[in-house]
J.: 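Pasting a structure below so you can have a look.
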Amino acid sequence: MDIKLELVAVPVTDVDRAKAFYEQVGFHTDHDVTVSDDIRFVQLTPPGSACSIAVGRGLTQMAPGSLDNLQVVVKDIEEAHADLRGRGVETTAIQDMPWGSFVYFTDPDGNRWSVQQTTPRNAAAQG
């Protein structure tokens with residue numbers, strides 16, 4: 001039996017601000033549907049990902065900004081870092097760990113993301 005993670009709800013205070021931020025990061029808006037005054041569903045997908053995120057009203061009981069360390073994986077952390085910075089996204093410097101190289105950013109509500117290159121840069125240079 002296959003079990004695939006398809007969607008993660010990201011708790012936010014302002015749907016339009018969050019949608020604009022994730023589009024700035026490079027996510028594609030798949031759906032933006034207002035179901036009622038209480039429910040709005042916005043689905044966004046990172047480029048090349050099979051899993052999407054959802055921001056909106058009435059989607060989750062989590063407090064805005066309460067997600068920590070949502071993780072995406074890239075082939076080239078330096079390219080990802082430059083791309084995010086070029087899009088105006090504030091990121092950390094690249095951090096090299098034995099298990100990968102990372103940059104971090106947060107959305108306007110404080111939900112924290114990590115971007116990982118699974119092979120540390122120093123190991124890739126040695127390979």
Side-chain angles (χ1 to χ4, degrees):
M1 173 177 71
D2 288 342
I3 299 176
K4 298 176 183 178
L5 181 62
E6 297 284 337
L7 187 70
V8 176
V10 177
V12 300
T13 54
D14 183 316
V15 180
D16 291 318
R17 179 181 70 174
K19 178 182 176 187
F21 173 80
Y22 285 108
E23 288 174 338
Q24 179 182 354
V25 170
F27 289 26
H28 176 265
T29 299
D30 303 309
H31 304 285
D32 185 345
V33 180
T34 299
V35 178
S36 68
D37 289 343
D38 298 324
I39 300 173
R40 178 175 173 198
F41 175 79
V42 180
Q43 179 176 326
L44 301 115
T45 305
S49 179
C51 185
S52 301
I53 64 168
V55 299
R57 279 188 316 275
L59 303 183
T60 181
Q61 295 181 13
M62 291 183 289
S66 63
L67 287 181
D68 185 34
N69 205 28
L70 292 163
Q71 185 167 311
V72 293
V73 177
V74 297
K75 289 182 183 179
D76 186 328
I77 196 68
E78 291 174 356
E79 179 182 356
H81 184 251
D83 181 67
L84 288 167
R85 290 281 178 107
R87 293 172 175 273
V89 177
E90 291 185 32
T91 70
T92 63
I94 298 172
Q95 299 175 20
D96 294 306
M97 312 278 186
W99 55 90
S101 296
F102 297 82
V103 297
Y104 301 91
F105 67 90
T106 59
D107 74 10
D109 285 291
N111 295 300
R112 185 170 172 253
W113 288 79
S114 65
V115 181
Q116 179 190 22
Q117 175 182 306
T118 56
T119 304
R121 291 184 302 165
N122 56 359
Q126 297 170 5

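What you see is a predicted model; the values in this text were computed from it and never measured.
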J.: Verify, without hydrogens or angle tests, whether H81 (side chain) and F102 (backbone) share a donor-acceptor contact under 3.5 angstrom.
T.: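 Absent.
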
J.: Quick one: pull up CD in Q43 and NE2 in H28 and give me the separation to the nearest 0.5 Å.
T.: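 These two atoms lie 10.5 Å from each other.
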
J.: Does the side chain of R57 reach to within under 4.5 Å of the side chain of T34, using non-hydrogen atoms?
T.: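 Yes, their side chains come closer than 4.5 Å.
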
J.: Please report the closest heavy-atom contact between D32 and V42, naming both atoms and the distance.
T.: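 Taking every non-hydrogen atom into account, OD1-CG2, 3.5 Å.
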
J.: Might you point out which heavy atoms bring S66 and A63 nearest each other, and give the distance in Å?
T.: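 Residues S66 and A63, closest heavy atoms: OG-O, 2.7 Å.
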
J.: Quick check: do E79 and V74 have side-chain heavy atoms less than 4.5 Å from each other?
T.: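 Sidechains of V74 and E79: no contact.
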
J.: A side-chain contact here means heavy atoms from C-beta on lying under 4.5 Å apart; do F105 and V115 qualify?
T.: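 A side-chain contact exists here, since the closest heavy-atom pair is under 4.5 Å.
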
J.: Backbone N or O of G88 within a donor-acceptor pair of the Q24 side chain at under 3.5 Å?
T.: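 Pair found, side chain donor or acceptor close to backbone of G88.
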
J.: Please report the closest heavy-atom contact between E23 and T29, naming both atoms and the distance.
T.: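 Shortest heavy-atom contact: OE2-OG1, 2.6 Å.
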
J.: So which heavy atom on N111 is nearest to which on P11, and how close?
T.: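 So the minimum-distance heavy-atom pair works out to ND2-O, 2.9 Å.
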
J.: Please name all residues satisfying side chain to side chain contact (heavy atoms under 4.5 Å, CB included) with R112, sequence neighbours left out, ordered by chain then number.
T.: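 Residues passing side chain to side chain contact (heavy atoms under 4.5 Å, CB included) with R112: D68, N69, Y104, T106.
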
J.: Consider only side-chain heavy atoms of I, L, V, M, F, W and Y, link residues closer than 4.5 Å, and tell whether F21 and M62 are in one cluster.
T.: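 Hydrophobic grouping puts F21 with M62.
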
J.: Applying ring-ring contact (aromatic ring centres under 6.0 Å, His included), run through F27 and W113 and close with a yes or a no.
T.: CA-CA 13 Å; F27 289 26; W113 288 79; 5.7 Å; yes

J.: Does I94 belong to the same Ile/Leu/Val/Met/Phe/Trp/Tyr cluster as V25, with side-chain heavy atoms less than 4.5 Å apart forming each link?
T.: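 They do share one cluster, since a chain of ILVMFWY contacts under 4.5 Å joins I94 to V25.
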
J.: Quick check for you: to the nearest 0.5 Å, what is the distance between D38 atom CG and L59 atom CG?
T.: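 These two atoms lie 11.5 Å from each other.
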
J.: Taking all atoms of both residues into account, what is the closest heavy-atom pair of T119 and S101, and its distance?
T.: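 Between these two residues, the closest heavy atoms are O-OG, 4.4 Å.
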
J.: Can you tell me how far the CG atom of D76 sits from the CD atom of Q117, to the nearest 0.5 Å?
T.: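 So the CG of D76 and the CD of Q117 are separated by 6.0 Å.
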
J.: Are W99 and V103 grouped together when hydrophobic residues (ILVMFWY) are joined by side-chain heavy atoms under 4.5 angstrom apart?
T.: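 The answer is no; the residues belong to distinct hydrophobic clusters.
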
J.: State the OG-CG distance between S49 and L44, to the nearest 0.5 angstrom.
T.: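 S49 atom OG to L44 atom CG measures 11.5 Å (nearest 0.5 Å).
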
J.: Atom CG in D109, atom CG in D14: separation rounded to 0.5 Å?
T.: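 So the gap between those two atoms works out to 8.0 Å.
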
J.: Going hydrophobic residue to hydrophobic residue with side-chain gaps under 4.5 angstrom, can you get from V33 over to Y22?
T.: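 Per the 4.5 Å side-chain linkage, V33 and Y22 are not co-clustered.
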
J.: With heavy-atom distances below 4.5 Å as the criterion, would you say the side chains of S52 and D30 are in contact?
T.: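 Sidechains of D30 and S52: in contact.
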
J.: Looking only at heavy atoms, what is the nearest atom pair of G56 and V12, with distance?
T.: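 Nearest heavy atoms, G56 then V12: N-CG2, 4.3 Å.
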
J.: Side chains of D16 and R40, heavy atoms from C-beta outward: is any pair under 4.5 Å?
T.: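 Yes, side chains in contact.
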
J.: Can you hop from L84 to L70 via hydrophobic side chains spaced under 4.5 Å?
T.: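 They do share one cluster, since a chain of ILVMFWY contacts under 4.5 Å joins L84 to L70.
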
J.: Measure the spacing between CG of D107 and CD1 of I53 and express it to the nearest 0.5 Å.
T.: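 Rounded to the nearest 0.5 Å, the CG-CD1 separation comes to 8.0 Å.
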
